[in-house]
Amino acid sequence: MEKEQNTQMSFYYKDGYLYCEKLRVKDIQEQVSYSPFYLYSFAQLEQNYAAYQNALSGINAIIGYAVKANNNLTLLKRLNELGSGAVLVSGNELKLSLAAGFDLKRTILNGNGKTLEELSLAVEHEVLINIDSEFDLRHIQQTAKQLDIPANVLIRINPDVDPEVHPYVSTGMKNSKFGIRNERLNWFLDEIRKDDLLTLVGVHCHLGSTIKKVRIFRDATEIMLDFIRSIQAEGFSAQYLNIGGGLGIDYERTGEDIPTPKDLIDSIRGLLTDDITLIIEPGRSIIGNTAVFVNRVTGVKTNGNKHFIVTDGSMAELIRPSLYDTYQHIEFIEPVDGKVDTFDVVGPVCESADFLGKERELPTPPEGTGLVVCDAGAYCHTMSSNYNLKMSPPEYLVDGDKLTCIRRVETLDDYMRVFDV
Ligand SMILES: Cc1ncc(COP(=O)(O)O)c(C=O)c1O
């Protein structure tokens with residue numbers, strides 16, 4: 001049977017040219033005055049969201065899109081229109097979600113270092129708040145008291161299930177910087193019980209990101225349900241089971257069987273009871289494959305026995321390969337018939353860690369050729385920087401045959417304004 005994901009042709013090749021929905025990416029590149037840029041497909045976003053919605057049919061659930069994965073305001077508005085909630089990790093993400101129209105009562109604030117200002121915003125807007133530590137609970141209590149506004153809280157637990165991913169994106173092990181020490185659970189329950197303004201509504205965990213085995217989610221769900229039952233036995237009516245985000249996507253394109261949202265939800269469906277509302281917090285699996293990062297080849301060079309394709313995009317605009325040593329597929333957007341060689345695809349940033357891909361078999365491209373880094377929707381633009389004074393790149397959205405600029409390029413004038421002190 002056909003898998004639910006990727007059934008729609010959002011990015012595909014025709015006559016040697018890459019298309020995004022009905023538009024040829026080369027035509028877009030010629031039309032867009034700045035390079036590099038990010039290019040998104042709305043059809044792919046809709047399809048990814050629908051995959052979660054369909055997977056969750058018959059279950060009381062909130063899909064909380066993890067804003068940290070991609071915070072473009074237009075994309076957030078579209079996700080809100082599709083019915084998504086939002087998962088936040090900062091006060092600014094809260095404010096942006098408000099601007100995007102999200103119902104903040106269906107949003108969750110995560111974080112191991114929430115400030116008092118961020119907590120005030122969350123309490124005022126009735127955001128669900130995850131308690132991460134003893135001091136975090138104290139700060140939430142202090143904030144609710146000061147504002148005299150009640151707060152609904154969840155406790156972030158570490159189920160200590162190995163997500164089998166890069167250590168930088170592993171977050172639910174017992175030595176993680178996130179969540180409480182589980183042995184202290186009763187202390188947290190006592191503190192919450194004593195506080196008239198706090199209501200414990202559930203438990204939260206987030207195992208990590210790029211997870212490719214649903215067994216991992218199932219193991220964690222079983223553990224988390226045990227926690228919920230023991231919390232309920234203590235007299236709390238905790239209803240929310242938040243299992244975080246983390247489902248991986250097919251970056252490598254090796255034909256590996258990557259679980260779909262349906263596979264994930266089906267693996268835990270039988271564990272859930274009617275008194276539980278499931279919260280999931282997907283980021284990457286909703287937004288990751290909706291975009292490509294479009295570059296131009298600046299030149300080709302050889303040093304020692306290494307061949308390099310040098311592009312105008314770099315680790316400043318897309319840092320995942322440099323930061324996590326991860327693979328993102330690289331392709332040309334147009335026919336190239338030069339000699340095939342093994343290349344490192346590198347940017348212009350003055351840093352040997354600046355690469356978009358290593359050891360790629362590609363035909364030698366002429367200067368100016370369009371090149372894309374695939375699956376660039378999640379943790380790419382949001383993690384971009386101004387290193388080497390590279391400017392934050394623009395973003396474009398394709399919807400059918402319509403192209404819209406959804407973020408203009410940052411200019412040096414924008415940047416210079418921060419020095420107006
Ligand atoms: C608490 C929390 N929830 C959800 C997510 C989203 O994860 P992903 O993008 O892998 O689905 C993250 C990302 O690390 C997170 O830290």
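One-based numbering, in listed order, for ligands and for the atoms of each. Start at 1 with the first residue, then count along the sequence.
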> Nearest to atom 10 (O) of ligand 1, what protein heavy atom do you find, and at what distance?
Replying inline: Ser209 OG, 2.2 Å

> Measuring from the heavy atoms of Pro282, does anything fall under 4.0 Å of ligand 1?
Replying inline: yes

>> Taking distance alone, with N or O pairs closer than 3.5 Å, would you say Gly246 contacts ligand 1?
In response: yes

> Which residue pairs satisfy the salt bridge (charged side-chain N to carboxylate O under 4.0 Å, His left out) criterion with at least one member in residues 278-293, sequence neighbours excluded?
Replying inline: none

> Hey, which atoms in ligand 1 end up nearer than 4.0 Å to a heavy atom of Ala66?
Replying inline: 4 (C), 5 (C), 6 (C)

>> For the 3.5 Å polar cut-off, considering only N or O atoms, please tell me whether Leu247 and ligand 1 meet it.
In response: no

>> What protein heavy atom lies closest to atom 3 (N) of ligand 1? Include the residue and the distance to one decimal.
In response: Glu281 OE1, 2.6 Å

> Considering only heavy atoms of Arg156, which atoms of ligand 1 have at least one such atom less than 4.0 Å away?
Replying inline: 1 (C)

> Which pairs with one or both residues in residues 344-356 pass salt bridge (charged side-chain N to carboxylate O under 4.0 Å, His left out), sequence neighbours excluded?
Replying inline: Lys306-Asp344

> Nearest to atom 7 (O) of ligand 1 by heavy atom, Arg284, His206, Lys68: which?
Replying inline: His206

> Are any of the N/O atoms in Tyr379 less than 3.5 Å from those in ligand 1?
Replying inline: yes

> Which of the numbered atoms in ligand 1 are below 4.0 angstrom from a heavy atom of Gly245?
Replying inline: 4 (C), 11 (O)

>> Would Leu76 and Tyr65 count as a side chain to side chain contact (heavy atoms under 4.5 Å, CB included) here? Give the steps.
In response: CA-CA 9 Å; Leu76 292 183; Tyr65 165 69; 3.6 Å; yes

> Do Lys77 and Glu81 meet the salt-bridge criterion of a basic N to acidic O distance under 4.0 Å?
Replying inline: no

> Between Glu21 and Lys402, is there a side-chain N and carboxylate O pair less than 4.0 Å apart?
Replying inline: no

> Between Tyr12 and Tyr19, what is the ring plane arrangement, given parallel below 30°, perpendicular above 60°, and tilted in between?
Replying inline: parallel

> Is it true that the NZ or CZ of Lys26 lies under 6.0 Å from the centre of Tyr17's six-membered ring and within 45 degrees of the ring axis?
Replying inline: no

